[in-house]
Chemist: 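Mind looking over this structure? Questions follow.
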Number of protein chains: 2
Amino acid sequence: MKPIDPIEVFKALSNEARLQILDWLKDPKAHFGPQGGVDLIEVGVCVSQITSKLNMTQSTTSQYLSVLQRAGLVHATRLGKWTYYRRDEEAIKEIASYIQHDL
Amino acid sequence: MKPIDPIEVFKALSNEARLQILDWLKDPKAHFGPQGGVDLIEVGVCVSQITSKLNMTQSTTSQYLSVLQRAGLVHATRLGKWTYYRRDEEAIKEIASYIQHDL
DNA sequence: TTGACATATCGCAAAACGTCGATATAATGG
DNA sequence: CCATTATATCGACGTTTTGCGATATGTCAA
């Protein structure tokens, strides 16, 4: 696991839409309908579902998810033609810990 | 005390120089020489001293300190012709707490 | 009051970011 | 193979950020 880059993390968090996505992903069942046989919790939510809720284009949504991923905040799993994103709770804990001790 | 605006805070933290300043201010005695009869810990460090250590102009330093202040991360005290900045540890704790519980 | 110093603010140019539409790539089903 | 669907990437363009120099403001000392 790549070490945390605080600047990259803070930049990723400096945007309303991206914070919104992270928040929705805290409880996917509460915010997204079920998608086929895929476990929302284990695997995540696909880009189209997130796009539907954000008021933005698929292009923007996909880019924002990449930003979150590069910052280490979410994890992506490709299954067939879908890419499922879920929070990386481990990494998020690390970040919270960094902030608490080093900020 | 004005409530925290996470986006403003994250933006303020999305910059190497500003993180550096916050880090120096964690232990002013370790990073700055004494300044007159002023208690570095209680009152803070003046803009010129911070400017000397940052590799940037007085103008930039002053602006960055304003950004940190608007985000609630530091507190400014004007004494004579100097403005002393110190970390607002209370606010920083609040932010760390926000991140830990709401991120 | 004037001069000198510390800080703040203004206006700029370059870089980065936000967001989109268009297009490319990947995967599936016929 | 082809059409379709999901996602990723590219190019564009307006907005924001970065960092600077120049200048304004505040404060003290003479």
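Proteins get letters first, then strands, A, B, ... in listed order; numbering begins at 1 in each.
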Chemist: With sugar-phosphate meaning primed atoms plus P, OP1 and OP2, does A:Y85 contact a base, only sugar-phosphate, or nothing at under 4.0 Å between heavy atoms?
Modeler: sugar-phosphate
Chemist: Drop me the distance from B:E42's CD to B:Y84's OH, to the nearest 0.5 angstrom.
Modeler: 14.0 Å
Chemist: Nearest 0.5 Å, what's the CG-CG distance between A:L22 and A:D88?
Modeler: 11.0 Å
Chemist: What integer distance in Å separates A:Y84:OH from C:dA27:C1'?
Modeler: 12 Å
Chemist: In whole angstrom, give the distance that lies between atom CD1 of A:I7 and atom P of D:dT17.
Modeler: 15 Å
Chemist: Nearest-Å distance, CD (B:Q49) to P (C:dC5)?
Modeler: 17 Å
Chemist: Return all side-chain donor-acceptor pairs below 3.5 angstrom for residues 90-103 of chain A, not counting sequence neighbours, or 'none' if the list is empty.
Modeler:
unit_1 : atom_1 : unit_2 : atom_2 : d
A:S97  : OG     : A:H101 : ND1    : 3.3
A:H101 : ND1    : A:S97  : O      : 2.9

Chemist: Minimum heavy-atom separation for A:F10 to B:L19, with atom names?
Modeler: CE1-CD2, 4.1 Å
Chemist: Reading nucleotides 18-30 of chain D 5' to 3', which nucleotides get B (base under 4.0 Å from a protein heavy atom), which S (sugar-phosphate only), which -?
Modeler: SSBBB----SS--
Chemist: Looking at A:K26, I'd like to know if its NZ atom is crowded, meaning that more than 12 non-hydrogen atoms belonging to other residues, nucleotides or ligands lie closer than 6.0 Å.
Modeler: yes
Chemist: Over all heavy atoms of both residues, which pair between A:T51 and A:T57 is shortest? Give the atoms and the distance, please.
Modeler: CG2-C, 3.8 Å
Chemist: A:E8 has an atom CD; how far is it from atom P of C:dC17, in whole Å?
Modeler: 10 Å
Chemist: Between residues 19-36 of chain A and DNA chain C, which residues have a heavy-atom gap below 4.0 Å?
Modeler: none
Chemist: Rounded to the nearest 0.5 Å, what separation is found between the CD atom of A:Q63 and the CE atom of A:M56?
Modeler: 11.5 Å
Chemist: Can you get from B:I21 to B:V43 by hopping between Ile, Leu, Val, Met, Phe, Trp and Tyr side chains that sit under 4.5 Å apart?
Modeler: no
Chemist: Write down the distance between CG (A:L54) and P (C:dG18), rounded to a whole number of angstrom.
Modeler: 13 Å
Chemist: Does OP1 or OP2 of C:dA8 have a side-chain N or O of B:T83 closer than 4.0 Å?
Modeler: yes
Chemist: Nearest to the side chain of A:S62 - D:dT9, C:dA6, C:dA8?
Modeler: D:dT9
Chemist: Round to the nearest Å and state the distance from A:L65 atom CG to C:dG18 atom P.
Modeler: 14 Å
Chemist: Please check if atom NZ in A:K53 has more than 12 non-hydrogen atoms from other residues, nucleotides or ligands closer than 6.0 Å.
Modeler: yes
